[in-house]
Amino acid sequence: MSKKIMILPGDGIGPEIVAQAVEVLKTVDAKFGLGLELSEGKIGGDSIDAFGEPLTDETLAAAGATDAVLLGAVGGPKWDQLGRDIRPERGLLKIRSKLGLFANYRPAILYPQLADASSLKPEVVAGLDILIVRELTGGIYFGEPRGIRTLENGEKQGFNTYVYSESEIERIARTAFEAAEKRNGKLCSVDKANVLEATVLWREVLDRLAPEYPNVELSHMYVDNAAMQLVRAPKQFDVMVTGNMFGDILSDAAAMLTGSIGMLPSASLNETGFGMYEPCHGSAPDIAGQGIANPLATILSAAMMLRYSLDAEEAAKAIEAAVSKVLDSGLRTADIYTDGMKKVSTAEMGAAVVAAL
Ligand code: NAD
């Protein structure tokens, strides 16, 4: 049975890094007989230039008819002056909300070979392997009412609404419990239940579901403490689950524990298992076109795609092992380069992963 993948390279370094991930996918396809069918579309500035909007309904429909999407990155100075509604980032928000991609997986893994790249002491982070599960389509980023209004006294007031329904909490909680079951069985739910009622309900729902997952040890932590613990002793965590805003902030902090944003993949899934896979970083306009971007975050995103949407665990593991082998051999793109290693280009790094496979 064939598996359909839509490739959306996007802007900046997007096309450069995605090209390497596509070569890796073709290699595992041949090796494991996966029957992958790849198609390509436009998103972000690339789509604005071609069609006048960051994601057309045709591309959205085509993406929704596949099993998974692999995305590079969107955005860049060329489109920064455009109105809010047609900026490149709107394309991302549109695909996430229209395809119901409510669960965002952000692993923060520190490869032992790169322990020196972290700003924390190697002993604090060596061997770090945590997964942050962030709710992506609700919470304060989407809550209504929202806006900026003028009060009777003439003063302006900005306001947003932090809202979560029980069903929204339950589906992200189940996703996180299931992820923890497949890992080390520890789930830490992050909230601000001492102040925010929306997160009092969040905590109640997590507690109600916990008995259904006897192999998972559930704990709760306030977000301020979680931020502190992430930089103090990050290895205490296995899976963390939290709402949209807290997850946005904590997952970026966790990303930096690993030293390079060029190494970090992500997945956004809906209830059917369909997912969009992309590196955590942006389009890096400062280095676009120079052939020096690190393609490993995108290659590792392709591995997550095989695992979570295409039911091809063996191929996913093979890619992750190949990346580890390439790092063992001392090859480094500029962002993860340290003395004594061999500096390579985007294409050389991609080719090395293909060769290791
Ligand atoms: P960025 O992640 O693009 O870049 C931050 C820094 O990290 C830059 O110095 C960049 O050179 C470096 N970097 C990023 N990815 C790298 C890689 N693979 N290899 C080597 N170095 C890498 O963030 P930014 O500069 O804040 O944003 C640039 C553009 O990207 C903006 O238009 C922003 O809106 C957009 N953006 C898009 C996404 C996305 O597509 N999901 C996410 C974040 C930012």
Side-chain angles (χ1 to χ4, degrees), residues 7-21 24 41-49 54-55 63 69-97 99 101 104-106 111 114 117 119 134 136 141 244 247-249 251-256 258-268 275-302 304 323 326-327 331-338 341 343-350 353:
I7 309 287
L8 298 174
D11 310 318
I13 60 170
E16 302 167 43
I17 52 180
V18 162
Q20 302 309 317
V24 168
K42 290 183 184 296
I43 193 167
D46 186 28
S47 173
I48 294 173
D49 288 350
L55 180 71
V69 168
L70 182 69
L71 178 108
V74 300
K78 183 177 175 192
W79 305 282
D80 276 352
Q81 309 313 322
L82 296 174
R84 204 169 153 246
D85 284 346
I86 58 157
R87 297 215 10 184
E89 294 77 7
R90 298 302 292 186
L92 269 188
L93 293 180
K94 181 171 171 182
I95 198 166
R96 281 180 188 157
S97 65
L99 298 180
L101 305 175
N104 184 224
Y105 286 35
R106 296 257 310 241
Y111 284 83
L114 302 179
S119 48
R134 165 188 170 195
L136 202 58
Y141 290 0
N244 206 343
D248 190 6
I249 299 164
S251 59
D252 264 27
M256 281 325 292
T258 70
S260 174
I261 197 145
M263 294 294 302
L264 296 170
S266 81
S268 307
M276 183 165 81
Y277 297 81
E278 54 182 315
C280 288
H281 58 73
S283 57
D286 53 335
I287 58 166
Q290 299 176 26
I292 58 169
N294 187 346
L296 294 179
T298 315
I299 290 171
L300 292 166
S301 300
M304 287 185 87
V323 167
V326 168
L327 293 175
L331 300 194
R332 302 282 187 272
T333 42
D335 58 309
I336 50 172
Y337 177 78
T338 46
M341 298 293 135
K343 201 182 275 185
V344 295
S345 67
T346 310
E348 286 167 332
M349 184 58 102
V353 176

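One-based numbering, in listed order, for ligands and for the atoms of each. Numbering starts at 1 and runs along the sequence shown.
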Considering non-hydrogen atoms of the protein only, which is the closest contact for [atom], and what is the distance?
atom                    : answer
atom 15 (N) of ligand 1 : His281 CG, 3.1 Å
atom 19 (N) of ligand 1 : Asn294 N, 2.9 Å
atom 35 (C) of ligand 1 : Val74 O, 3.2 Å

Enumerate the atoms of ligand 1 whose separation from the nearest heavy atom of [X] is less than 4.0 angstrom.
X      : value
Gly282 : 1 (P), 2 (O), 3 (O), 30 (O), 36 (N), 37 (C), 38 (C), 42 (C), 43 (C), 44 (C)
Gly76  : 32 (O)
Ala73  : 40 (O)
Pro285 : 28 (C), 29 (C)
Gly75  : 32 (O)
Ala293 : 19 (N)
Glu278 : 41 (N)

request  = Return a yes/no value for Asp286: is any of its N or O atoms, backbone included, closer than 3.5 angstrom to an N or O of ligand 1?
outcome  = yes
request  = Would you check whether Ala284 has a nitrogen or oxygen atom less than 3.5 angstrom from a nitrogen or oxygen atom of ligand 1?
outcome  = yes
Nearest-0.5 Å distance, [atom1] of residue [X] to [atom2] of residue [Y]:
X      : Y      : atom1 : atom2 : value
Leu55  : Ile86  : CG    : CD1   : 13.5 Å
Glu89  : Ile43  : CD    : CD1   : 10.5 Å
Met349 : Leu331 : CE    : CG    : 6.0 Å
Ile48  : Asp11  : CD1   : CG    : 7.5 Å
Leu300 : Tyr111 : CG    : OH    : 4.5 Å
Leu101 : Tyr277 : CG    : OH    : 9.5 Å

Would you say that [X] contacts [Y] through its side chain, given a criterion of any heavy-atom pair below 4.5 Å between the two side chains?
X      : Y      : answer
Met276 : Leu70  : no
Asp335 : Ile287 : no
Asp49  : Lys42  : no
Pro295 : Thr333 : yes
Val326 : Leu296 : no
Asn244 : Leu136 : yes

Could you work out, for [atom], the closest of [options] by heavy-atom distance?
atom                    : options                        : result
atom 21 (N) of ligand 1 : Ile287, Ile261, Ile292, Ile13  : Ile287
atom 29 (C) of ligand 1 : Pro279, Ala255, Ala288, Ser283 : Ser283
atom 39 (C) of ligand 1 : Asp252, Thr298, Leu92, Ile43   : Leu92
atom 31 (C) of ligand 1 : Lys78, Glu16, Glu89            : Glu89

Do any non-hydrogen protein atoms sit less than 4.0 Å from [atom]?
atom                    : answer
atom 3 (O) of ligand 1  : yes
atom 25 (O) of ligand 1 : no
atom 6 (C) of ligand 1  : no

